[in-house]
A.B. asks: 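Take a look at the following structure, please.
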Amino acid sequence: MEVRSNPAAGNSFDHRRPPAVPSKQQLPAPHSVDTSAVSQRLQKELMALMMSGGDLGVSAFPDGESIFTWIGTVEGGKGTLYEGLSYKLSLHFPLEYPFKPPQVKFETICFHPNVDQFGNICLDILQDKWSSAYDCRTILLSIQSLLEEPNLESPLNSYAAALWNDKEDYRRMVHKQYFSGEAHES
């Protein structure tokens, strides 16, 4: 006896053929990212930073061809232990930016309670307090502010944290580290 499908039945099933499996190409990526939207946002941030950042002692520009990798500069604020010093930073923006924070690292050696020997920074807005409302300018200004107002409860450099209250010795160490080497060895 031959089984034939009845098109009028509506939910016919042909046992001789396996069910159709959708092609993997038809499935959308689970977390697809619009890189052009991220690029546009970074270009807007770059323009805003170019218009106002230099006046504030911070600046940043793409490093080479990629809009996702920048080199930034933070100058020590007037009247601070870092006055007259200029620090180079690297910023790597993820494809999920601004929903995920960039990776920011000091490239110039920085003696500071919240900066380790590799240039990594312990700053809450770059970790668990990140908001998509922040931008490159906010990040750089926060780092500039961190230079004079460290979080001594969360030090990456315990020696710098212990020395913080002795301003003269601390200043000497800042200058010694700064002038001994211009860049971290990655």
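Each residue takes its place number in the sequence, starting with 1.
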A.B. asks: Which residues satisfy the ring-ring contact (aromatic ring centres under 6.0 Å, His included) test with Phe68, sequence neighbours excluded?
C.D. replies: none
A.B. asks: So Leu85 and Val174, do their side chains get closer than 4.5 Å, heavy atoms only?
C.D. replies: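 Val174 vs Leu85: side chains touch.
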A.B. asks: State yes or no: are the ring centers of Tyr178 and Tyr87 separated by less than 6.0 Å?
C.D. replies: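 Judged by ring-centre distance (under 6.0 Å), Tyr178 and Tyr87 do meet the cut-off.
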A.B. asks: Could I get the full list of ring-ring contact (aromatic ring centres under 6.0 Å, His included) partners for His92, not counting sequence neighbours?
C.D. replies: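 Residues passing ring-ring contact (aromatic ring centres under 6.0 Å, His included) with His92: none at all.
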A.B. asks: Looking at Glu148 and Leu81, what are the two nearest heavy atoms and their distance?
C.D. replies: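 Looking at all heavy atoms of both residues, the shortest contact is OE1-N, 3.3 Å.
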A.B. asks: If you look at every heavy atom in Ser90 and Glu107, which pair is closest and at what distance?
C.D. replies: OG-OE2, 2.8 Å
A.B. asks: Say whether, by atom type as modelled, one donor and one acceptor occur between the side chain of Ser142 and the main chain of Thr138 under 3.5 angstrom.
C.D. replies: yes
A.B. asks: Using the ring of each side chain (for Trp, its six-membered ring), is Tyr97 parallel, tilted or perpendicular to Trp130, with breaks at 30° and 60°?
C.D. replies: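 The rings of Tyr97 and Trp130 sit tilted, inter-plane angle from 30° to 60°.
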A.B. asks: For Glu75, which residues count as a salt bridge (charged side-chain N to carboxylate O under 4.0 Å, His left out) partner, sequence neighbours excluded?
C.D. replies: none
A.B. asks: Describe, in one word, how the ring planes of Tyr170 and Phe111 are oriented to each other, choosing from parallel (under 30°), tilted (30 to 60°) and perpendicular (over 60°).
C.D. replies: tilted
A.B. asks: Are side-chain heavy atoms of Pro62 and Thr69 found at a separation under 4.5 Å?
C.D. replies: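 The answer is no, as the side chains (C-beta and beyond) never meet within the 4.5 Å cut-off.
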A.B. asks: Do other residues, nucleotides or ligands put more than 12 heavy atoms under 6.0 Å from Gln103 CD?
C.D. replies: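 For Gln103, atom CD is not crowded (no more than 12 foreign heavy atoms under 6.0 Å).
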A.B. asks: Got a sec: does the CD of Glu153 have more than 12 other heavy atoms crowding it under 6.0 Å?
C.D. replies: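 For Glu153, atom CD is not crowded (no more than 12 foreign heavy atoms under 6.0 Å).
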A.B. asks: Please name all residues satisfying side-chain contact (heavy atoms from CB on, under 4.5 Å) with Lys44, sequence neighbours left out, ordered by chain then number.
C.D. replies: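 Not a single residue meets the side-chain contact (heavy atoms from CB on, under 4.5 Å) criterion with Lys44.
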A.B. asks: Enumerate, atom names and distances included, each donor-acceptor pair closer than 3.5 Å involving a side-chain atom of residues 154-163, sequence neighbours excluded.
C.D. replies:
residue	atom	partner	partner atom	Å
Asn157	OD1	Tyr159	N	3.2
Asn157	OD1	Ala160	N	2.9

A.B. asks: For Asp124 and Asn151, run side chain to side chain contact (heavy atoms under 4.5 Å, CB included): C-alpha distance rounded to whole Å, both residues' side-chain angles, the deciding distance at 0.1 Å, then the answer.
C.D. replies: CA-CA 10 Å; Asp124 58 358; Asn151 179 357; over 6 Å; no
A.B. asks: Do Leu89 and Ile71 share a hydrophobic cluster (ILVMFWY, side-chain heavy atoms under 4.5 Å, transitive)?
C.D. replies: no
A.B. asks: Tell me, do Pro102 and Ile139 make a side-chain contact under 4.5 Å, heavy atoms counted?
C.D. replies: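 Counting from C-beta outward, Pro102 and Ile139 do come under 4.5 Å.
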A.B. asks: Can you check whether Trp70 and Phe61 have ring centres sitting under 6.0 Å from each other?
C.D. replies: no
A.B. asks: Is Lys167 atom NZ crowded by more than 12 heavy atoms from other residues, nucleotides or ligands, each under 6.0 Å away?
C.D. replies: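 Yes.
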A.B. asks: With rounding to the nearest 0.5 Å, note down the distance linking CG in Asp135 to CG in Leu46.
C.D. replies: 11.5 Å
A.B. asks: Among all residues two or more places apart in sequence or in another chain, which pass the side-chain contact (heavy atoms from CB on, under 4.5 Å) test with Phe99?
C.D. replies: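 In terms of side-chain contact (heavy atoms from CB on, under 4.5 Å), with neighbours along the sequence ignored, Phe99 is linked to Ser132.
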A.B. asks: Parallel, tilted or perpendicular: which one describes the rings of Tyr82 and His112, with boundaries at 30° and 60°?
C.D. replies: tilted
